[in-house]
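Right, one structure below, let's go through it.
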There are 2 protein chains.
Amino acid sequence: MATIKDVAKEAGVSIAAASLALNGKGSLSEETRAKIIETAERLNYKPNALAKGLVTSNKINTIGIIIPKPGTEFLPFVGMDILGGIGEVANEKKYNMLLDWEEGLGGTKVLDLVRSGIVRGLVFFLPLNDVTTFRALNDLNFPYVLMSRPPEGVYCSWVDVDNVDAAYQATVSLIKAGHTRISFSSPGPIEFLVSSDRHSGYRQALLSHNISYDESYVSIGNGDIQSGKAAMTHFLSLKEPPTALIAGSNLLAIGMLESLKEHGLDHRDKAIITFDDSPLAESYGISAIHIPTNTIAKESARLLIKRIGHTRRVEPENIVIDAQLIVRNTFVPVR
Amino acid sequence: MATIKDVAKEAGVSIAAASLALNGKGSLSEETRAKIIETAERLNYKPNALAKGLVTSNKINTIGIIIPKPGTEFLPFVGMDILGGIGEVANEKKYNMLLDWEEGLGGTKVLDLVRSGIVRGLVFFLPLNDVTTFRALNDLNFPYVLMSRPPEGVYCSWVDVDNVDAAYQATVSLIKAGHTRISFSSPGPIEFLVSSDRHSGYRQALLSHNISYDESYVSIGNGDIQSGKAAMTHFLSLKEPPTALIAGSNLLAIGMLESLKEHGLDHRDKAIITFDDSPLAESYGISAIHIPTNTIAKESARLLIKRIGHTRRVEPENIVIDAQLIVRNTFVPVR
DNA sequence: CTGAAAGCGCTTACAG
DNA sequence: CTGAAAGCGCTTACAG
């Protein structure tokens, strides 16, 4: 394969001139520059990225994408959506995408990758909750962006959806449809950040519409179908059951629907909105809060590349993206 | 970050000695070697992959994975499955994974990637039917493997499922269950390689069990739900309708099921087997031929890495993987 | 058993 | 406006 030496020789100039011309730098005569570029194209010359990277930043123009190991979580749709989003930005900015994941807890693959000089920055999806890795990256002043809020004690750049607002919007839409008895089911302890934000948005919506917050309308489970059934059974047993339900996960919502059926009711009897939108929610026709993963991915990539461009240490930045309510046939105005 | 120079100085040896020790080459005293390795660990030394790559193969230990642009085809599940499979092998062999796709027809990103020296080999999934790219790779003697049969006129290594055998097995299983009137619906012209192989397996199974091949039991559509309905309606109108049906796509099978319902029948009345297995087939409970994408991915990666190891030109290799019939509630013995 | 030197392909001050 | 030289971090013959 042609090297810059070949191009220089063929064009009858020095290697330095060739380099300058091909990078659009220095002050060469238009004539020489044109000749060099023409020669490079004719020889199918493409600069060796390794040599270039070695001499400039000591790194190659690559962003590393760290995801959970495929098959360990339910993320195929989200996963491809994210890769597509990051790829779009990466292509535009002439970066390559390197894909990787830790094999287990406490793995050092991410740090090894950084030390080896292959990547100029990292985007993390569903971070390993391994705070050490992030701390080490901070110490190295190495650019990275999380596609979610960071774990406790980590100060860094991130892009995430506004969960408070999402829950607020969902609740308000139910209130506007005439509901006043609205339940909230969390797939895990309210203390978890995501749940806590959503719960808070739910509560704010109620209060700002003068609806009193009622603990019996809040259920906490573990996010599976069984939990959804249990929640619905509990709510139906109340003297004044909720007329609308917010489910913290798709499986919760599906469990609720099934429980409705078992009680001789169906989706026309209760309004249900679920986090998050997914093909599952879609196929069940459940109204859902759509998390724009593709947008989050793109913004993360843009933010990362911007940070890579900075030579000095800069303060972390955060971007909050709006979620969007998708109304399907489980959204019923109160009768 | 520590370089080999730092390690050498700290350990009080020459750079060459350090390199030798860290790569387990040369003949150093056990003592020196141990001291060097200990020092490297203490300094968190990790060789700069670019410098190493530049001086050895002119390339970095990375395999490129070329997929269709995310979002353009229905492949999230398959896509993540493949990335997981390739990643498993890559990790094991200490290779990085670079992900990329062409933006449009006639793109040159793949070739540019190769010329830039970032990847040592490529795995293609659903190849762009851009024969030029493969020809160019062949000219460069650059290692690559297709995760499917190659397009006409391309001589290369590939890993794929045995479609003839898959259709044969599916048909035989129906025959063994007592069916003799078995239909075959193709999602596209029989001339297409995949369809042709499957049709051929179907036909062979019939013949080898002394069932005559009947053209009226074969339908050709375009693979969507509408086609499935049309096929079923046609088959039901026959004087002797088939008792078992092989559908060339999930949507075809779903269309068939819906048509059955419209005719007042259901899945207990006809045996249906579809290509390929997918969450869609699973959620509809349709018996399906499972294509082991994960295995194909792993075998492709292994084959590629093996080829990367060869310095001389070697003949392409092909690996054929068996498919597997998954029996669900649309598989009914004839009554 | 170990060190000095050349070189991988590039870029970038520095002279002229 | 252009060329000679140094250097990025590593490996690998080649001397000693």
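Residue numbers begin at 1 in each chain, while the letters A, B, ... track the order of the sequences.
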Just checking, any donor-acceptor pair under 3.5 angstrom between side chains of [X] and [Y]?
X      : Y      : value
A/Y155 : A/E315 : yes
B/N91  : A/K109 : yes
A/T293 : A/D81  : yes
B/R120 : B/T62  : no

Could you tell me how the ring of B/Y144 sits relative to the ring of B/F124: parallel (under 30°), tilted (30 to 60°) or perpendicular (over 60°)?
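Aromatic pair B/Y144/B/F124 classed perpendicular.
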
Most 5' of B/L20 and A/I4 on DNA chain C, judged by nearest nucleotide
B/L20

Taking for each residue the nucleotide of DNA chain C bearing the nearest heavy atom, is the 5' side occupied by B/T56 or by B/A16?
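Between the two, 5'-proximity favours B/A16.
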
Reading DNA chain D from 5' to 3', where do the contacts with chain A start and stop? Cut-off is 4.0 Å to heavy atoms.
D/dC1 to D/dG9

Indicate yes or no: at least one non-hydrogen side-chain atom of A/I63 is less than 4.5 angstrom from one of A/L98.
no

Within the structure shown, what part of the strands sits under 4.0 Å from A/L50 by heavy-atom distance: base, sugar-phosphate, or nothing?
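No contact at all - A/L50 keeps every heavy atom at 4.0 Å or more from the nucleic acid.
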
Using a strict threshold of under 4.0 Å (side-chain N to carboxylate O), is an ion pair present between A/E31 and A/K35?
no

Can B/R302 and B/E299 be counted as an ion pair, charged N to O under 4.0 angstrom?
yes

Starting at the 5' end of DNA chain C, what dot-bracket string do you get if Watson-Crick and G-U pairs under 3.5 Å are bracketed, crossing pairs use [ ], other-strand pairs use | and unpaired bases use dots?
|||.||||||||.|||

